[in-house]
There are 2 protein chains.
Amino acid sequence: MAIHKKEAFTQTEQDLANFAKALSHPARIAILKVLAQKNECICGEIVEILPLAQSTVSQHLKELKNADLIQGTVDGPRSCYCINWKAFEKFSTSFNALFTNLKIQQSKSCC
Amino acid sequence: MAIHKKEAFTQTEQDLANFAKALSHPARIAILKVLAQKNECICGEIVEILPLAQSTVSQHLKELKNADLIQGTVDGPRSCYCINWKAFEKFSTSFNALFTNLKIQQSKSCC
DNA sequence: AATATATATCGCAAATATACGATAAAGCAT
DNA sequence: ATGCTTTATCGTATATTTGCGATATATATT
């Protein structure tokens with residue numbers, strides 16, 4: 001493509017799209033599930049559970065971290081990850097607001 | 001990449017990821033907003049509103065259609081699109097369920 | 001029939017995403 | 001110090017996404 005046009009949309013639309021993009025791979029959804037269920041959220045445990053190579057899991061963790069959905073702290077030679085609940089709450093609320101706003105006009109649908 | 005590993009995850013995870021992918025571009029979120037607001041949902045109107053070329057908008061519409069989020073009916077030389085509310089309801093409910101399930105264990109978080 | 005209008009599709013270019021092995025870096029144990 | 005474990009990063013290959021202009025197609029209009 002020539003140039004990305006994403007900046008031409010509203011900030012809300014971009015934020016929602018970025019959140020959706022973070023969730024747009026089953027591995028990342030699976031990671032979030034594991035992180036929510038486990039007390040200990042060591043990277044290695046996730047690698048064992050997922051059917052992916054360690055480097056690939058690490059990459060998905062990085063993307064979730066870039067999206068601000070998870071946090072990581074170093075624990076000796078290990079990395080402990082967990083969900084950033086504050087950001088997660090913000091995003092999921094925005095998403096629900098989108099769903100609700102779309103549905104409000106449902107009766108006007110033409111098809 | 002060698003091979004896609006998406007099939008290795010649960011159907012629910014794949015479905016959620018596909019839905020999220022459909023929403024992972026601001027243009028597609030903007031399109032859904034327009035479709036929800038307008039009675040008449042002609043392709044050309046969307047093209048005028050969005051800062052994208054006609055062919056690009058058509059492509060985004062195609063992706064939303066592939067994701068089963070919208071429906072399109074031919075109206076003479078025009079195409080009338082609208083949200084597939086039944087599918088949309090299903091997806092947004094699944095998404096909310098994911099959010100809720102993740103949040104249930106929030107107190108156990110380690111970081 | 002010729003023309004205009006609206007939309008989908010094709011072809012192309014560039015950017016991103018996905019995946020893995022190999023390697024580097026950082027901390028722990030002996 | 002040396003080696004072991006764990007994780008991040010690099011390099012690479014391939015697939016997908018994004019975007020646009022050009023073209024094809026299908027329906028109106030004159």
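Just so we're on the same page: letters track the sequence lines, and every chain starts at 1. Given the structure is predicted, the values throughout are model-derived calculations rather than measurements.
Among pairs with a residue in residues 93-103 of chain A, those fulfilling salt bridge (charged side-chain N to carboxylate O under 4.0 Å, His left out) read A:Lys103-B:Glu89, at least two apart in sequence or across chains.
A search for side chain to side chain contact (heavy atoms under 4.5 Å, CB included) contacts involving A:Ala8 returns B:Pro51, not counting sequence neighbours. When the salt bridge (charged side-chain N to carboxylate O under 4.0 Å, His left out) test is applied to A:Arg28, the partners found at least two apart in sequence or on another chain are A:Glu63. With sequence neighbours excluded, the residues that form a side chain to side chain contact (heavy atoms under 4.5 Å, CB included) with A:Lys62 are A:Asn66. In this structure, the side chain to side chain donor-acceptor pair (under 3.5 Å) partners of B:Asp68, at least two apart in sequence or on a different chain, are B:Asn84. Evaluation of the side chain to side chain contact (heavy atoms under 4.5 Å, CB included) rule for B:Gln59 yields no partner, not counting sequence neighbours.
Spacing between atom CG of B:Asn18 and atom C1' of C:dA17 amounts to 15 Å, rounded to whole angstrom units. Separating the NE2 atom of A:His60 from the P atom of D:dT9 is a distance of 15 Å, rounded to the nearest angstrom. A straight line from CG of B:Leu64 to P of C:dA8 spans 12 Å, rounded to a whole angstrom. One interatomic measurement links the two molecules: NZ of B:Lys62 to C1' of D:dG19, which rounds to 15 Å at whole-angstrom precision. Regarding A:Leu52, its CG atom lies at a distance of 11 Å from the P atom of C:dT18, rounded to whole Å. Straight-line distance from the CG atom of B:Leu50 to the C1' atom of D:dC20: 15 Å, rounded to whole Å. Remark: P of C:dT16 and NZ of A:Lys5 are 15 Å apart, rounded to the nearest angstrom. Rounded to whole Å, the distance from CD1 on A:Ile70 to C1' on D:dA8 is 13 Å.
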Pairs under 3.5 angstrom, nitrogen or oxygen only, protein versus nucleotides 21-28 of chain C, please.
unit_1, atom_1, unit_2, atom_2, d
C:dG21, N7, A:Ser55, OG, 3.3
C:dG21, O6, A:Ser55, OG, 3.3

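A centroid separation of less than 6.0 Å is found between the aromatic rings of B:Phe88 and A:Phe99.
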Residues 12-25 of chain A, side-chain donor-acceptor partners within the protein, below 3.5 Å, at least two apart:
unit_1, atom_1, unit_2, atom_2, d
A:Glu13, OE1, A:Thr10, N, 3.2
A:Glu13, OE1, A:Thr10, OG1, 3.3
A:Glu13, OE2, B:Lys33, NZ, 3.3
A:Gln14, NE2, A:Lys6, O, 3.3
A:Gln14, NE2, A:Phe9, O, 3.0
A:Asp15, OD1, A:Gln11, NE2, 3.0
A:Asn18, ND2, A:Gln14, O, 3.3
A:Ser24, OG, A:Lys21, O, 2.7
A:His25, ND1, A:Ala27, N, 3.0

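No engagement by A:Leu61 is indicated, since no non-hydrogen atom pair under 4.0 Å with the nucleic acid exists. Counting any heavy atom pair closer than 4.0 Å across all strands shown, B:Ser79 reaches sugar-phosphate atoms only and no base atom.
For the segment residues 19-28 of chain B, residues with any heavy atom less than 4.0 angstrom from an atom of DNA chain D are, sorted by number, B:Lys21, B:His25, B:Arg28.
Taking 4.0 angstrom as the limit, A:Tyr81 places a side-chain polar atom (N or O) nearer than this to OP1 or OP2 of D:dA8.
Each of A:Pro51 and B:Val47 has a nearest nucleotide on DNA chain C; the 5'-most of these lies closest to B:Val47.
Judged by distance alone, the side chain of A:Ser58 and the main-chain N or O of A:Gln54 form no donor-acceptor pair under 3.5 Å.
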